[in-house]
Amino acid sequence: MPAQTRRYSILSNKPVRVRFAPSPTGYLHIGSARTALFTWLYARANDGVFILRIEDTDQNRFVEDSLQQMMRSLRWLGLEWDEGPDKGGNYGPYVQSERLEHYQKWANWLVEQGKAYRCYATPQELARAKELAEKAGKRGAGYERMHRFLSDRERARLHDERGGKYVIRFAMPLEGTTEVYDKVRGKIVFDNSELNDAVLLKSDGFPTYHLAVVVDDYLMQISHVTRTTEWLPSFPLHARIYEAFGWEQPEWVHLPVILCPGGGKMSKRKPCKSEEGETIPVSVDEYIDAGYEPEAVVNWLTNLGWSFGDDREFFYVHETIQRFNFDRINPAPAKVPLSKLKALNGEHIRAMSDERIAQELHPMLEAVYGEIDTNKLLGIIPHIKARINPMRDAVPLVKFLFAKEFVPATTEQMIPRKMDAAQVKTILQRCYDVLNNLEDFSAAAQDKHIRALVEETGLKTGQVFSPLRWATIAQEVSPPLFESMEVLGKEVSLARLRDAIQRL
RNA sequence: GCUCCUAUCGUCUAGCGGUCGAGGACGUCGCCCUUUCAAGGCGAAAACAUGGGUUCGAGUCCCAUUAGGAGCACCA
């Protein structure tokens with residue numbers, strides 16, 4: 001192996017400690033949520049520890065309240081952490097801006113070891129160098145190394161001249177290759193000549209991501225570094241920093257990014273649209289607002305880039321924990337399949353207990369209709385659960401049951417095509433008589449007797465059912481007729497029917 | 001432009017050299033059920049990007065091309 005070529009591979013079998021490390025720049029992005037989910041799943045699948053760490057080393061990008069928002073979103077998804085800023089732990093603090101001493105200490109250590117150096121270049125000088133490099137058809141490597149090879153005298157002179165203002169840059173090997181090993185895609189080889197001397201410590205004394213992530217992951221004993229492929233280009237840098245410190249490498253897991261159906265990665269800035277022009281929610285909050293159930297979002301996200309096996313796509317998170325690993329991750333980037341979320345959401349609702357649905361629906365209905373009769377609500381749920389997706393679709397569907405004031409149908413609505421008012425009036429009157437005579441007002445009994453009536457009159461089912469439904473339910477879309485009347489009750493149903501007959 | 005990653009139905013995916021004349025799901029389209037709307041049942045159309053290798057045999061391995069993606073900051 002050439003002197004400058006190193007291989008980094010995975011040998012250790014340490015306890016699983018993984019972390020989700022967002023920077024508090026806004027809401028929790030759906031892509032970040034998936035990274036958090038996969039990380040959390042790995043921890044739970046391996047009796048590991050899941051850590052929340054805040055990467056707030058950019059003072060300019062800090063967004064007030066962002067941390068609270070993110071924690072709320074994570075908890076909504078059910079991704080509870082074991083160590084974190086609000087919980088503490090043995091490896092804290094868990095907020096990088098409170099860990100500055102570590103970064104400074106280790107950055108200086110690297111300088112002392114000759115593995116990093118102070119660079120006094122001003123932003124203007126760098127911009128100019130960059131411009132020149134671009135003009136020469138080059139980009140990246142080269143321009144920033146202006147202060148890497150200085151004599152002590154030159155360095156001292158610059159130090160005075162620039163008022164002691166400098167950044168610390170990592171001294172990347174100039175030749176050879178760096179081989180790294182990613183759990184998802186295997187060996188990746190980089191040419192060292194393509195790499196540049198990244199800034200580790202900024203002139204304000206704050207670390208860059210590159211320094212902070214390595215120092216913290218090491219100090220927090222992170223066993224598996226999970227992140228998206230955005231970080232693949234700086235993978236060799238991070239591996240080299242570990243090497244420079246003499247620290248054992250963690251395992252590296254680069255998850256594929258998720259894309260907008262229209263192309264490009266989902267961004268917080270640009271709105272993301274489906275091919276049909278429909279807006280695709282980007283933050284977890286937007287998914288909450290859209291009315292999706294947390295278990296559906298989790299189920300959906302789990303299927304994006306990972307597969308359960310057995311041709312199953314509907315499952316619960318406890319089932320995922322039984323079999324989650326990084327081996328089944330598909331390395332290819334994927335477009336968000338929003339229509340699958342809708343389908344999954346409906347499936348989860350249908351699989352929920354009536355009590356759970358009632359619990360979710362109660363406050364929504366109360367807000368619109370006032371006090372809600374729990375028995376009636378529980379009674380109607382079996383007949384609406386296949387018709388509500390998202391959950392709030394229930395609100396208009398049960399209006400006939402809970403609205404303070406019943407708004408009767410118009411006569412036009414009650415009269416089917418090719419029939420007239422007189423016919424409808426007659427048939428409704430006969431329905432009234434049949435229903436009124438019923439001891440047992442169950443849907444089954446109603447069904448039996450009304451069907452007998454249909455038979456007797458020689459009319460089509462729709463010619464009887466439709467006016468009856470309009471007369472008693474008075475909605476374009478409703479749960480099934482007899483079941484609805486059963487829950488409504490005999491008295492109310494008949495009163496509405498009587499009124500309809502009068503108006504015809 | 002340079003570096004790196006990726007490549008199976010429209011989309012999400014299964015497939016880790018022979019069991020693949022490629023399986024599932026969503027979506028789409030038929031049919032059935034049906035009082036509305038759903039749900040459900042049955043069925044159909046729909047893919048291994050292209051070209052070279054390797055091999056007795058390639059969707060599966062290698063290379064190139066093409067396409068998509070990511071990155072190239074004193075941002076993460």
Side-chain angles (χ1 to χ4, degrees), chain A residues 21-23 25 55-58 60-61 119 121-123 126-127 130 134 137-141 144 165-169 182 184-185 188-191 193-196 198-204 206-210 212-213 227-236 254 256-257 259 261 263-265 274-276 300 303-314 327-328 330-344 346-347 350 383-389 393 397 416 450 454 460-470 473 475-482:
Chain A
S23 53
T25 55
E55 312 218 321
D56 60 343
T57 54
D58 184 2
N60 303 320
R61 296 214 306 166
C119 170
T122 63
L126 288 174
K130 187 175 178 178
E134 269 172 11
K138 283 185 179 177
R139 245 189 123 172
E144 84 291 351
K165 205 170 180 190
Y166 60 84
V167 300
I168 292 180
R169 285 182 186 274
D182 172 55
V184 177
R185 55 214 92 219
I188 305 172
V189 184
F190 292 83
D191 228 318
S193 60
E194 298 288 344
L195 276 15
N196 50 208
V199 172
L200 298 181
L201 201 71
K202 299 184 250 184
S203 55
D204 62 3
F206 275 64
T208 59
Y209 171 83
H210 303 119
V213 75
R227 31 141 85 148
T228 53
T229 52
E230 300 167 75
W231 296 109
L232 232 30
S234 46
F235 189 177
H254 289 92
V257 291
L259 272 24
K265 77 169 180 179
S274 71
E275 274 122 350
E276 294 79 38
W300 175 65
N303 280 318
L304 229 192
W306 185 81
S307 61
F308 191 85
D310 303 342
D311 282 338
R312 274 229 279 157
E313 293 195 359
F314 177 93
D327 302 336
R328 293 189 70 81
N330 180 347
K335 296 175 181 175
V336 282
L338 191 65
S339 67
K340 284 207 172 209
L341 173 57
K342 286 178 187 158
L344 236 23
E347 231 179 308
R350 271 172 263 136
H383 310 112
I384 63 169
K385 74 202 288 188
R387 291 166 230 265
I388 53 174
N389 184 18
D393 284 351
L397 209 53
I450 296 292
V454 170
K460 288 180 184 165
T461 354
Q463 293 179 302
V464 178
F465 282 47
S466 182
L468 183 55
R469 203 175 62 85
W470 276 109
I473 314 298
Q475 287 174 195
E476 191 84 47
V477 177
S478 78
L481 173 57
F482 302 126

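In what follows, chains are A, B, ... by sequence order, proteins preceding strands, each numbered from 1. Computed from a predicted model, the values in this text were never measured in an experiment. The analysis underlying the following values was restricted to heavy atoms, covering all of them including side chains, and did not include hydrogens, waters or symmetry mates.
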A:Asp310: side-chain hydrogen bond (donor to acceptor under 3.5 Å, both in side chains) partners, not counting sequence neighbours: A:Arg323
Phosphate OP1/OP2 of B:rC5 contacted by A:Lys265 side-chain N/O (<4.0 Å): no
Identified pairing partner of B:rG1, criterion: Watson-Crick or G-U wobble below 3.5 Å: B:rC72
A:Ser478: partners by side-chain hydrogen bond (donor to acceptor under 3.5 Å, both in side chains), with sequence neighbours left out: A:Arg469
Sugar-phosphate only, base, or nothing, as touched by A:Gly346 at under 4.0 Å among non-hydrogen atoms: nothing
Separation of B:rU34 C1' from A:Lys460 NZ (nearest whole Å): 14 Å
Length of the CG-P vector between A:Asp58 and B:rC74, whole Å: 12 Å
For atom CH2 of A:Trp231 and atom P of B:rC5, their distance in whole Å: 18 Å
Rounded P spacing from B:rC75 to B:rU8 in Å: 37 Å
Show each protein N/O and nucleotides 27-33 of chain B N/O combination with a separation under 3.5 Å, one pair to a line.
none

Min side-chain heavy-atom separation A:Asp58-A:Ser23 under 4.5 Å: no
Identified pairing partner of B:rC26, criterion: Watson-Crick or G-U wobble below 3.5 Å: B:rG10
Euclidean distance, atom CD of residue A:Glu313 to atom C1' of B:rG24 [Å, nearest integer]: 7 Å
Distances under 3.5 Å between nitrogen or oxygen atoms of protein and nucleotides 43-49 of chain B:
none

Atom-pair distance (CG on A:Leu338; P on B:rC12), nearest Å: 13 Å
First encountered from the 5' end of RNA chain B, between A:Val336 and A:Leu341: A:Val336
Minimum side-chain heavy-atom gap A:Thr229-A:His254 below 4.5 Å: yes
Protein-nucleotide distance (A:Asp182, atom CG; B:rA70, atom C1'), rounded to Å: 13 Å
Nearest-neighbour nucleotide for the A:Val257 side chain, B:rC75, B:rG69, B:rC12 considered: B:rG69
Pairing residues for A:Phe190 by the ring-ring contact (aromatic ring centres under 6.0 Å, His included) criterion, not counting sequence neighbours: none
A:Trp470: partners by ring-ring contact (aromatic ring centres under 6.0 Å, His included), with sequence neighbours left out: none
Qualifying residues under side-chain contact (heavy atoms from CB on, under 4.5 Å), relative to A:Pro480, sequence neighbours excluded: A:His383, A:Arg387, A:Glu483
Non-neighbouring partners of A:Ser466 that pass side-chain hydrogen bond (donor to acceptor under 3.5 Å, both in side chains), sequence neighbours left out: none
A:Ser307 side chain near B:rU13 phosphate (N/O to OP1/OP2, under 4.0 Å): no
Side-chain N,O (A:Thr57) to OP1/OP2 (B:rA76) below 4.0 Å: yes
Touch class at under 4.0 angstrom, heavy-atom based, for A:Ala121 against every strand present: base
Minimum heavy-atom distance between A:Leu200 and A:His210, given as atom pair plus value: CD2-CB, 4.4 Å
Any donor-acceptor N/O pair, A:Asp191 side chain to A:Glu194 backbone, under 3.5 Å: no
A:Arg328 side-chain N/O to A:Ser307 backbone N/O, donor-acceptor pair under 3.5 Å: yes
N/O (side chain, A:Arg312) to phosphate O (OP1/OP2, B:rA25) under 4.0 Å: no
Touch class at under 4.0 angstrom, heavy-atom based, for A:Pro207 against every strand present: sugar-phosphate
Sugar-phosphate, base or nothing in reach of A:Val199, heavy atoms under 4.0 Å: sugar-phosphate
A:Arg328 side-chain N/O to B:rG15 phosphate OP1/OP2 under 4.0 Å: yes
Nucleotide of B:rC74, B:rG71, B:rU11 approaching A:Pro233 most closely (side-chain heavy atoms): B:rG71
Side-chain donor/acceptor of A:Gln463 to backbone N/O of A:Lys460, under 3.5 Å: yes
Nearest-angstrom distance from the residue atom CG of A:Asp191 to P of B:rC5: 12 Å
Short side-chain N/O contact from A:Lys340 to OP1 or OP2 of B:rU13, under 4.0 Å: no
For B:rA45, the Watson-Crick or wobble partner whose two distances fall under 3.5 Å: none
Nearest-angstrom distance, P atom, B:rG10 to B:rU28: 16 Å
Sugar-phosphate, base or nothing in reach of A:Pro123, heavy atoms under 4.0 Å: base
Closest to the A:Leu232 side chain, choosing from B:rC5, B:rU6, B:rC74: B:rC5
Rounded P spacing from B:rU3 to B:rA45 in Å: 45 Å
For A:Val213 against A:Glu55, the heavy-atom pair lying closest together: CG2-OE2, 4.4 Å
Partners passing side-chain hydrogen bond (donor to acceptor under 3.5 Å, both in side chains) against A:Glu230 (at least two apart in sequence or in another chain): A:Thr228, A:Lys265
Any A:Asn330 side-chain nitrogen or oxygen under 4.0 Å from OP1 or OP2 of B:rA14: yes
Per-nucleotide protein contact string for nucleotides 59-68 of chain B (B base, S sugar-phosphate only, - none; heavy atom under 4.0 Å): ----------
A:Trp300 (side chain) donor-acceptor with A:Ala343 (main chain) under 3.5 angstrom: no
Sequence-aligned protein contact record of nucleotides 36-41 of chain B, with B where the base is within under 4.0 Å of a protein heavy atom and S where only the sugar-phosphate is: BBBSS-
Nearest-angstrom distance, P atom, B:rG21 to B:rC37: 44 Å
Atom P, compared across B:rA49 and B:rG59: separation rounded to whole Å: 10 Å
Same-atom distance (P) from B:rU13 to B:rC2, integer angstrom: 30 Å
Side-chain heavy-atom pair A:Ile450, A:Leu481 within 4.5 angstrom cut-off: no
Nearest listed nucleotide, side chain of A:Glu230, among B:rA70, B:rG24, B:rU3: B:rA70
Atom C1', compared across B:rG15 and B:rC48: separation rounded to whole Å: 10 Å
Interatomic distance at C1', B:rA47 relative to B:rA25, whole Å: 15 Å
Side chain A:Thr208, main chain A:Val199, donor-acceptor under 3.5 Å: yes
Value in whole Å for how far the P atom of B:rC74 lies from CZ of A:Phe206: 17 Å
A:Tyr209: ring-ring contact (aromatic ring centres under 6.0 Å, His included) partners, not counting sequence neighbours: A:Trp231, A:His238
